[in-house]
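The next block holds one structure in the form of structure tokens; read it before the comments.
These numbers were taken from a predicted model, which means no experiment stands behind them. So you know, we letter chains A, B, ... as the sequences are listed, proteins then strands, and number each from 1.
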Protein chains: 2
Amino acid sequence: MKLYSENRRHLNAVDCIIFGYDILEKEIKLLLIKRSFEPARGLWSLAGGFVKETESLDEAASRILFQLTGLMDVYLEQSYTYGSIDRDPGARVISTAYRALIKITDIDRELSQVSGAHWQSLERLPHLIFDHGVMVERALAELQIQIKVKPVGFELLPEKFTLVQLQDLYEAIYQKDIDKRNFRKKILTMNVLEKLDEKEKETSRKGAFYYRFNRESYETYIKQGFDFSLDVN
Amino acid sequence: MKLYSENRRHLNAVDCIIFGYDILEKEIKLLLIKRSFEPARGLWSLAGGFVKETESLDEAASRILFQLTGLMDVYLEQSYTYGSIDRDPGARVISTAYRALIKITDIDRELSQVSGAHWQSLERLPHLIFDHGVMVERALAELQIQIKVKPVGFELLPEKFTLVQLQDLYEAIYQKDIDKRNFRKKILTMNVLEKLDEKEKETSRKGAFYYRFNRESYETYIKQGFDFSLDVN
DNA sequence: ATTAATAAATGTACCTTTTACACTTAACAA
DNA sequence: TTGTTAAGTGTAAAAGGTACATTTATTAAT
């Protein structure tokens, strides 16, 4: 084992896979940017940046997300660290990917225009630079696992949402159809949804009741070892 | 966004959480080493080392595992990257943890003596340096999740093992008792175990039949979307 | 030869959860 | 008043999970 000083130092980056849900198009979207510097300038990429000596990896990821979206306190979890020698043709860069879930409606549309960021449907992504495509695949797989165990779906929806919208979201994440009655039965027996006295009336004459996620009762259930897994048809 | 060259470089390390299973003591063990350099020389730590410019993270982890154990082609998966600024008091080091599963019997006892490595029971670990305790906790949690979905337990057992031994292993990982008949029913319906014509006779007069993991039928089932989860009492 | 001791091996009934499936209701517009 | 549209609802059958006690094979001791 060598002394610290004898060892080679590396550039470290973070890249953010930023998921959003488009409630109208019923599609998961990713916030992507046009890369502004060489190599690969002008091509689509994840939001990323180098880790500074004054910040942790988590802080770097938060910073990059904030710079792009103006949002703080976003759902953000480490995904995986990519460390192949040649993954970035510009230099050896070790990059830690982070998964972010945001409510599309929270984003200031102007802001993202300025920074050259755009929401792109997961179904038809443009080609991404380097290994960013692999990062997206892994992050999506993690999201699919995560949502079985934790109600992270609510991070992607507005405060008020209908059961139809919630089901559409689950179908988009699983990329599978779900039986309506079974879905409602299961999600309602979890007792983490509050029915509101208000209806969403854009999409039907009858209207659908809004619900709200109750974070407190969720915490209670988690402590009791509650299992949110939703095995879906 | 700055140019590559303007950004600060960091030391990158990998640390290996090496799990083994002691079939006699029915305990999960970790292979730990006495640290040989400052800071924290002489204290217990995970096996780790710096990432070289000529190797990927995965390669660095394999190399460190090989240097310590002499084993190649070991089950090895990335766990998590630890990037707090002050996690290592010697310098800023970003460390990626890897989870390794090895058969204790595969290890050349001499070799580990030379390198100052020792198996320590997970139940009564010594204090570990830096954030290595946290790394262990996370890796164990990952192992507990992993074993529900993939039969990784077989990585920890010798080629031939009895159902009693397999159950003991699951109990050690889950840190929970499991009903014998239900365990056997479930594990046998998975059809990935081959019963051998041979008995283990050390621990009882009657003797227990040896089984062998059939990797081929496992692959077949995985492709069909088989679910190995074993929800246990 | 018989008996005692020990751990391995085995089956079933009950309960819970999951699945499959089609009609009624509310609201508005014509 | 009627037509249209999407929201909302229940039940029966199947599958899977849980709880639980006795028999069997083998060896050592008498």
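- If A/Lys201 and B/Ala208 are placed on DNA chain C by their nearest nucleotide, the residue sitting closer to the 5' end is B/Ala208.
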Under-3.5 Å N/O pairs linking protein and nucleotides 3-6 of chain C:
{"residue": "C/dA5", "atom": "N3", "partner": "B/Arg205", "partner atom": "NE", "Å": "3.3"}

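- The nearest whole Å value for the distance from the CG atom in B/Asn182 to the P atom in C/dT12 is 14 Å.
- Between C/dC21, D/dC20, D/dT9, one nucleotide has an atom nearer to the side chain of A/Asp179 than all others, and that is C/dC21.
- The separation between B/Ile187 atom CD1 and D/dT18 atom P is 14 Å, rounded to whole Å.
- Rounded to an integer number of Å, the gap from CG of A/Asp168 to C1' of D/dA7 is 12 Å.
- Within the model, atoms CD1 of A/Ile28 and OH of A/Tyr174 stand 12.0 Å from one another, a figure rounded to the nearest 0.5 Å.
- Atom CZ in B/Phe209 sits about 11 Å away from atom C1' in D/dT24, given to the nearest Å.
- Rounding to the nearest 0.5 Å gives a distance of 5.0 Å between OG1 of A/Thr69 and CD1 of A/Ile107.
- With hydrogens and angles left out, the side-chain atoms of B/Ser217 and B/Asn191 include no donor and acceptor closer than 3.5 Å.
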Salt bridge (Lys or Arg N to Asp or Glu O under 4.0 Å) for A/Lys160 and A/Glu198? Distances and angles first, verdict last.
CA-CA 9 Å; A/Lys160 299 184 296 187; A/Glu198 193 188 349; 2.9 Å; yes

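- Whole-Å rounding puts the B/Lys195 NZ to C/dA8 P distance at 13 Å.
- Side-chain to base pairing of B/Lys186 with D/dG17: no donor and acceptor N or O lie closer than 3.5 Å to each other.
- Around the NZ atom of A/Lys26, the shell of radius 6.0 Å holds no more than 12 heavy atoms that belong to other residues, nucleotides or ligands.
- A side-chain contact (heavy atoms from CB on, under 4.5 Å) with B/Thr81 is found for one member of B/Ile94, B/Val14, B/Leu57 and no other, namely B/Ile94.
- Between its opening and closing five pairs, the helix from C/dA1-D/dT30 to C/dA30-D/dT1 changes axis direction by 10°, a value rounded to 10 degrees.
- Side chains of B/Tyr80 and B/Arg99: no donor on one and acceptor on the other come within 3.5 Å.
- Side-chain atoms of A/Arg181 come within donor-acceptor range of the base of C/dA22, with a qualifying N/O pair under 3.5 Å.
- Aromatic pair B/Phe161/B/Tyr210: centroids not less than 6.0 angstrom apart.
- Atom CD1 of A/Ile178 is separated from atom C1' of C/dA20 by 15 Å (rounded to the nearest Å).
- Side chains of B/Glu200 and B/Thr162: a donor-acceptor N/O pair is absent below 3.5 angstrom, by distance only.
- For the residue pair A/Tyr98/A/Asp58, the side-chain donor-acceptor check at 3.5 Å is satisfied.
- In this structure, of C/dT10, C/dT19, D/dA7, it is D/dA7 that holds the atom nearest to the side chain of A/Lys180.
- As rounded to whole Å, 17 Å separates atom P of C/dA8 from atom CG of B/Leu196.
- Residue A/Lys199 places at least one side-chain N or O under 4.0 Å from the OP1 or OP2 atom of C/dA27.
- Rounded to whole Å, atom P of D/dG8 lies 11 Å from atom CD of A/Gln167.
- Within 3.5 Å, a donor on the side chain of A/Lys185 pairs with an acceptor on the base of C/dT19, or the reverse.
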